[in-house]
A.B. asks: 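Have a look at this one before I ask anything.
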Amino acid sequence: MERSNSALANGKLFKLMLKFSVPCVLSLLISSLYNVVDQIFIGNSRLGDLGNAATGVVFPLFLIAQAFAWWFGDGCAAHLNICQGKNAADGAHRAMGTGITFTLIASAAILAVFYPVKRPFLLLFGASENSIGLAVEYLDIVLAFFPPFMLMNAINGIIRADGSPAWSMASIISGALVNIALDAVFIYALDMGMAGAAWATGIGQAVSFAVSAFYLMFRTKTFKLSLKSFIPDFKQAGGAVKLGLSSFVTQTTIVAIALVSNITLKKYGAASPYGEDIPLAVMAIESKVFTVVINIVVGIILGCQPLVSYNMGAKNYGRVKRIYLSILMCTFAVSVLSTLVFELAPRAVAGIFGAPKHADPALYWEFAEKLFRIFLMFVTFTCFIKVSSIFFQAAGKPISAVVSSLVRDIVCFIPLALSLPLAFGIDGVLYAAPAADAIAAVVAVIYTAVFFRSLSRAPSDTDENAPNTVPAAEICDAKIKERLDTSDKT
């Protein structure tokens, strides 16, 4: 059952990138619809901008759940492909099973921690007196679906690493379609409000999990799970946990950014003409829109993760460099196009989510245009930083991956978001993002240059441009055998 996927080392790069990245991009894009569609339906319903603000303060908890799921899922995926590249995947099933068990334990812990403190948590994340009731109503329901939501996120990374990105895409699509259909029924036809949006999201996530679980039980290609696989094996899972740490850190830093952004927007918004609720509502929209952009970029690099990890394990460093450059060109095109949209048509983007029903329309649209144009000014840099972080993780360099992520979010953005508003008011919160992007992009360039310089100095076991890819040791053995046979005949 367990076998190495040598096509990752020898197949045509462009075809492999299409095979792995396109389904991954589509999967993550459709995954982002869980929140975007809710936001659109809510914004255009009687709930309006207050409903958008309510889902905005709940959103960081989804990021916390994904942080744990991607920690174990992405780590297991990178571990599996590196083991395949080294032709040493015999114990991979223990690492995969352990990762899934850890994800289930983490989901139970999140339920135990957040159910008793949901109201204080939401107030901490910026909920106002006007939106707290709607936020609690939404969180009460979606929190119960976190175990299947987290398991689905973890398993889909493993499915892609197993060489079945289309199956991962099918898992996400099935849940998204259910979510969209139920949104229309629950929010509009049955007028269930926030509860309807929450039930639609939760049921859609459960459907996606069911599809992913079916693959894991019956369709795996390079490993086979048994009940013993799910008994924690810390020795086998240790490498996977280290490799996935970057995903965890990246997601938790996004949570920190959301926390600081909501708190500062609420504080300085109250002292501005916009008030508390307009900045929070618009920021909720921005976070969902930017999720679509970043999911395209992440989908490209995550789709190529098996290629990077396998070839790093096989020491095929020339191919690793070519993969990275191809990823960089694709993500650069996406980020430039996104920047143009945000700068030239911010009101059109925000308008998809409905007109304000509880706020002054002139102030609402003014702040929406300002936020999109300033906060997302350097989306190209943001995407480059994200690509660098995930690339280092796939290449088996977890420390570089973590540092690349921390510099932008923790070292730069949070101090700037807390300090700039002291001089510039609410505009200071918005300018903190492009300033952090510019600084962190320089650090990411330095880290990337050092990494590839180290690869240039390292010995490579294979050269895909050579006509013969048989290892040198095997060639020497064949020549010795040939001489011995010749001497025997003589």
A.B. asks: Which pair of non-hydrogen atoms, one from Val25 and one from Ile296, has the smallest distance, and what is that distance?
C.D. replies: CG2-O, 3.6 Å
A.B. asks: Determine, using ring centers only, whether Phe114 and Phe121 are less than 6.0 Å apart.
C.D. replies: yes
A.B. asks: With a 4.5 Å cut-off on side-chain heavy atoms, are Thr103 and Trp71 touching?
C.D. replies: no
A.B. asks: Could you tell me whether Lys370 atom NZ has more than 12 heavy atoms of other residues or ligands within 6.0 Å of it?
C.D. replies: yes
A.B. asks: To the nearest 0.5 Å, how far apart are CZ in Phe146 and CD in Gln66?
C.D. replies: 9.0 Å
A.B. asks: Between the main-chain N or O of Phe378 and the side-chain N or O of Thr382, is there a donor-acceptor pair closer than 3.5 Å?
C.D. replies: yes
A.B. asks: Taking all non-hydrogen atoms of both residues, which atom of Phe68 and which atom of Ile110 are closest, and how far apart?
C.D. replies: CD1-CD1, 4.1 Å
A.B. asks: To the nearest 0.5 angstrom, please state how far the NZ atom of Lys386 sits from the CZ atom of Arg408.
C.D. replies: 9.0 Å
A.B. asks: Calculate, to the nearest 0.5 Å, the distance between atoms CD1 and SG belonging to Ile323 and Cys304 respectively.
C.D. replies: 7.0 Å
A.B. asks: Report the C-alpha separation of Asp437 and Phe413 in whole Å, then their side-chain angles, then the decisive distance to 0.1 Å, and conclude whether the side-chain contact (heavy atoms from CB on, under 4.5 Å) test is met.
C.D. replies: CA-CA 8 Å; Asp437 287 331; Phe413 178 82; over 6 Å; no
A.B. asks: Just so I know, are the side chains of Cys383 and Val334 near enough to count as touching, which here means a heavy-atom distance under 4.5 Å?
C.D. replies: no
A.B. asks: Would you say the side chain of Tyr115 lies within less than 4.5 Å of the side chain of Asp140, judging by non-hydrogen atoms?
C.D. replies: yes
A.B. asks: Might you point out which heavy atoms bring Asn153 and Ala69 nearest each other, and give the distance in Å?
C.D. replies: CB-CB, 3.7 Å
A.B. asks: I need the single residue from Val379, Leu337, Ile374 that forms a side chain to side chain contact (heavy atoms under 4.5 Å, CB included) with Phe342. Which is it?
C.D. replies: Val379
A.B. asks: For the residue pair Thr201 and Tyr138, establish whether any side-chain heavy-atom pair is separated by less than 4.5 Å.
C.D. replies: yes
A.B. asks: For the atom pair CG (Asp360) and CZ (Phe367), what is the distance rounded to the nearest 0.5 Å?
C.D. replies: 14.0 Å
A.B. asks: Do the non-hydrogen side-chain atoms of Lys266 and Pro279 ever get within less than 4.5 Å of each other?
C.D. replies: no
A.B. asks: Given side chains that start at C-beta, do those of Val178 and Ser208 come closer than 4.5 Å, heavy atoms only?
C.D. replies: no
A.B. asks: Are any side-chain N or O atoms of Thr264 and backbone N or O atoms of Val260, one a donor and one an acceptor, separated by less than 3.5 Å?
C.D. replies: yes
A.B. asks: Minimum heavy-atom separation for Ala368 to Val282, with atom names?
C.D. replies: CA-CG1, 3.6 Å
A.B. asks: List the steps and the verdict of side-chain contact (heavy atoms from CB on, under 4.5 Å) for Phe248 and Trp70.
C.D. replies: CA-CA 6 Å; Phe248 177 78; Trp70 289 355; over 6 Å; no
A.B. asks: Test Ile285 against Phe372 for side-chain contact (heavy atoms from CB on, under 4.5 Å), laying out the working first.
C.D. replies: CA-CA 10 Å; Ile285 292 172; Phe372 273 88; 4.1 Å; yes
A.B. asks: Do Lys118 and Leu61 come close enough that some side-chain heavy atom pair is under 4.5 Å?
C.D. replies: no
A.B. asks: Check for a donor-acceptor pair, side chain of Arg373 on one end and backbone N or O of Glu343 on the other, with a separation under 3.5 Å.
C.D. replies: yes
A.B. asks: Can you name the nearest heavy-atom pair linking Val207 to Ser174, along with the distance?
C.D. replies: CG1-OG, 3.9 Å
A.B. asks: Quick check for you: to the nearest 0.5 Å, what is the distance between Phe72 atom CZ and Ile155 atom CD1?
C.D. replies: 13.5 Å
A.B. asks: Are Val211 and Tyr215 close enough that some pair of their side-chain heavy atoms sits under 4.5 Å apart?
C.D. replies: no
A.B. asks: Can I get a per-line list of side-chain donor-acceptor pairs under 3.5 Å for residues 188-200, giving both atom names and the distance, sequence neighbours left out?
C.D. replies:
from   : atom 1 : to    : atom 2 : distance (Å)
Tyr188 : OH     : Phe41 : O      : 3.2
Asp191 : OD1    : Arg46 : NE     : 2.9

A.B. asks: Report the relative orientation of the aromatic rings in Phe149 and Phe62; use parallel for angles under 30°, tilted for 30 to 60°, perpendicular for over 60°.
C.D. replies: perpendicular
A.B. asks: With side-chain contact (heavy atoms from CB on, under 4.5 Å) as the criterion, how do Tyr324 and Ser388 come out once you've worked through the C-alpha distance, each side chain's angles and the decisive distance to 0.1 Å?
C.D. replies: CA-CA 9 Å; Tyr324 175 79; Ser388 298; 4.2 Å; yes
A.B. asks: Name the residue from Leu151, Asn156, Ile100 that meets the side chain to side chain contact (heavy atoms under 4.5 Å, CB included) definition with Leu216.
C.D. replies: Ile100
A.B. asks: Please report the closest heavy-atom contact between Ser261 and Met283, naming both atoms and the distance.
C.D. replies: CB-CE, 4.4 Å
A.B. asks: To the nearest 0.5 Å, how far apart are CG in Leu406 and CD1 in Ile414?
C.D. replies: 9.5 Å
